[in-house]
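Quick caveat: nothing in here was measured; it's all calculated off a predicted structure. Every number for a ligand or one of its atoms is a count from 1 in the order of the listing.
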Amino acid sequence: MSKTEQFLADLVGIIGPGACVTDEQALEPHVTEWRNVLHGRALAMASPGNTGQVADVVRLCSHAGVAIVPQGGNTGLCGGAIPDESGQQLILSLARMNRIRSIDAEDFSMVAEAGCVLATLQEQARAVDRYFPLSLSAEGSCQIGGNLSTNAGGINVIRYGTARQQVLGLEVVLADGSILDGLRSLHKDTAGYDLKQLFIGSEGTLGIITAATLRLYPLPGDTTTLLVTLPDSGNAVTLLAGMRARLGDRIESFELVSRFALELVERHIGDAGLPCALSGDWFVLAEVAVGEDSEALGQFLEEAIESGQLSDAVVAKNIAEAEALWRMRHAISEAQKYEGPSIKHDISVPVSRMQEFLHRCARSLHEQEPSAKPVIFGHVGDGNLHYNLTVPAELAGDAKRVRRVTSTIYDLVAELGGSFSAEHGVGMTKKAYLRQYRGATDLDLMRRLKRTLDPQGLLNPGKVI
Ligand code: FAD
Ligand code: ZN
């Protein structure tokens, strides 16, 4: 028996034959990233059914020197969840670990395994009259383990924070197969270092997240969905500041969307698109928990129109209209995929510098690559935009020009004190930028942490650092 055959036999011994896939066709969706741009090859895919099995698989890999690529829903957008091209790496899928171990309405918490699909967690929380606020367009297929490993953001960060803020406790399998058992639901705990934070956002390079204690909230009550037209993209920030001052922390989402992004949705996605005729190039889609006080919002919108901060506002009259507006927003990424080649960026700047960023970036890119069409949308309330470009094939195929475009954007972001990766992570596609834009001390500490927690370098090698 060869070394590989022995490894696979031992693997089947741990997880059972049905949970180990080696067939190339069956592996295909797991070695290809969502945009269909990156492809890898895998030795096999293992789907353990519980934490003990994850630990045993990790121990086996450590003995055999086999690298592990953890995978959740494989909706990540920077190649973090797919193996390299060697065909020697093992995909560790958490999909079978999809139990909610407990849910405690009084404690406002639930313990969920890493493979739980995000939308299922939202539904289960709602079933006990509670709210799990993490929400993003991929919520029907991404998994909470993936969300935590990327410190996902999404549309509700402005009120509830990123994935990191939703975690009270974490269970993690370490590189030597030991289990860090931190599934507590404490809101306060100053007994030593907060170890769970190391694994959140580390994209599977420091440990395998197997379960988490998640924070729940009261349901937000009646919310109002509105689409406003802005005279200029820069007005989004002043509008938000005014709204916050008037309505307090009741803004659940505040998303900037460019007209071109909506046109792509109308062109490519069947039942989504602008629900009414609106002129203008820039829109904000917002969700506000108005509660009993819907008059305050109406008054604010009237005043904002009078003062010229916004040109027009449409308030959804019922749930169906609200859902249509959100369907349109959530369909943008998919629509851009059908439009053709793209260059994607997921940047953040301080909210107060957003207006300057939008104006300067548009000017520079227009001068540099007039054929690139910006498809801008995202979480402007968090200072985070998906600054994507739809580009002709000849530009997409010219690596030098693509790099120049990206550098133009990232250099400006850095100048304004922002980040080249706001919520999608680094994965394999943004590694070079991490080296370029994070300081030497930061990088050195990251490398030392990596060496300490994964001395053999078997946890998602080639990603992040
Ligand atoms: P995967 O893609 O499977 O994995 C992502 C990374 O985490 C990989 O490095 C993987 O190795 C690691 N990983 C996965 N599970 C584990 C685990 N249990 N333990 C350790 N490491 C693990 N992201 C946002 O933040 N906000 C958005 O608004 C948003 N919108 C999106 C819209 C669309 C249409 C799509 C396709 C993606 C979007 N994303 C967004 C990106 C993506 O959905 C998120 O990054 C999500 O958190 C990834 O979850 P996943 O389960 O698919 O993880
Ligand atoms: Zn996003």
Cut-off under 2.8 Å, centre the Zn ion (ligand 2), protein N/O/S atoms: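 Correct list: His379 NE2, His386 NE2, Glu423 OE2.
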Salt bridge (charged side-chain N to carboxylate O under 4.0 Å, His left out) between Asp346 and Lys344, intermediate numbers included: CA-CA 7 Å; Asp346 157 44; Lys344 297 201 161 191; over 6 Å; no
Geometric N/O contact Gly207 with ligand 1, under 3.5 angstrom: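 In this structure, Gly207 places no N or O atom under 3.5 Å from an N or O of ligand 1.
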Partner of Leu148 by side chain to side chain contact (heavy atoms under 4.5 Å, CB included), out of Val172, Val167, Leu134: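 The side chain to side chain contact (heavy atoms under 4.5 Å, CB included) with Leu148 is passed solely by Val167 among Val172, Val167, Leu134.
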In ligand 1, which numbered atoms sit nearer than 4.0 Å to a non-hydrogen atom of [X]?
X	answer
Ser137	32 (C)
Gly204	20 (C), 21 (N)
His379	28 (O)
Ala152	25 (O), 47 (O)
Ala114	18 (N)
Asn460	9 (O), 11 (O)
Ser149	7 (O), 12 (C), 13 (N), 16 (C), 17 (C), 19 (N), 20 (C), 21 (N), 22 (C)
Cys142	49 (O), 50 (P), 51 (O), 52 (O)

Counting non-hydrogen protein atoms only, what is the nearest one to [atom]? Give residue, atom name and distance.
atom	value
atom 33 (C) of ligand 1	Ala138 CB, 4.0 Å
atom 48 (C) of ligand 1	Thr75 OG1, 3.5 Å
atom 2 (O) of ligand 1	Gly76 N, 2.8 Å
atom 4 (O) of ligand 1	Ala81 CB, 3.5 Å
atom 25 (O) of ligand 1	Gly153 N, 2.8 Å

Pair Glu171-Arg101, salt bridge (charged side-chain N to carboxylate O under 4.0 Å, His left out): steps then yes or no: CA-CA 12 Å; Glu171 180 186 84; Arg101 292 189 192 163; 3.2 Å; yes
Sidechain-backbone polar pair: Lys463 side chain, Ile82 backbone, donor-acceptor under 3.5 Å: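 The answer is yes, because a donor-acceptor pair under 3.5 Å joins these two groups.
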Cationic tip of Arg130 above Phe108 ring, under 6.0 Å, 45° of axis: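 The answer is yes, since Arg130 meets both limits relative to Phe108.
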Over 12 foreign heavy atoms within 6.0 Å of CD, Gln197: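 More than 12 heavy atoms, drawn from other residues, nucleotides or ligands, come within 6.0 Å of this atom.
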Of the backbone atoms (N, CA, C, O) and the side-chain heavy atoms from C-beta on, which set of [X] has a member under 4.0 Å from an atom of ligand 1: side chain, backbone, both, or neither?
X	answer
Ile209	both
Thr150	side chain
Lys463	neither

Ring geometry between Tyr410 and Phe420 (parallel below 30°, tilted from 30 to 60°, perpendicular above 60°):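 It falls in the tilted class, 30° to 60°.
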Geometric class of the Tyr387/Phe357 ring pair [parallel <30°, tilted 30-60°, perpendicular >60°]: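 Rings of Phe357 and Tyr387: perpendicular, as their planes differ by over 60°.
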Evaluation steps, side chain to side chain donor-acceptor pair (under 3.5 Å), between Asn156 and Ser253: CA-CA 5 Å; Asn156 289 338; Ser253 313; 3.0 Å; yes
When you measure from the heavy atoms of [X] to every atom of ligand 1, does any distance fall below 4.0 Å?
X	value
Gly425	no
Gln71	yes
Gly427	no

Where Ser333 and Phe377 come nearest, the two heavy atoms and their spacing: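 Heavy-atom minimum between the residues: OG-CZ, 3.8 Å.
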In terms of side-chain geometry, is the basic nitrogen of [X] or [Y] positioned less than 4.0 Å from the acidic oxygen of its partner?
X	Y	result
Glu415	Arg360	yes
Glu356	Arg353	yes
Arg59	Asp56	yes

Aromatic contact, Tyr131 with Tyr160 (centres under 6.0 Å):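 So the answer is yes for these two rings.
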From CA spacing to verdict: salt bridge (charged side-chain N to carboxylate O under 4.0 Å, His left out), Arg99, Glu113: CA-CA 6 Å; Arg99 275 186 325 127; Glu113 290 185 343; 3.2 Å; yes
Ile465 and Arg447, any side-chain heavy atoms less than 4.5 Å apart: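 Of all side-chain heavy-atom pairs linking Ile465 with Arg447, at least one is under 4.5 Å.
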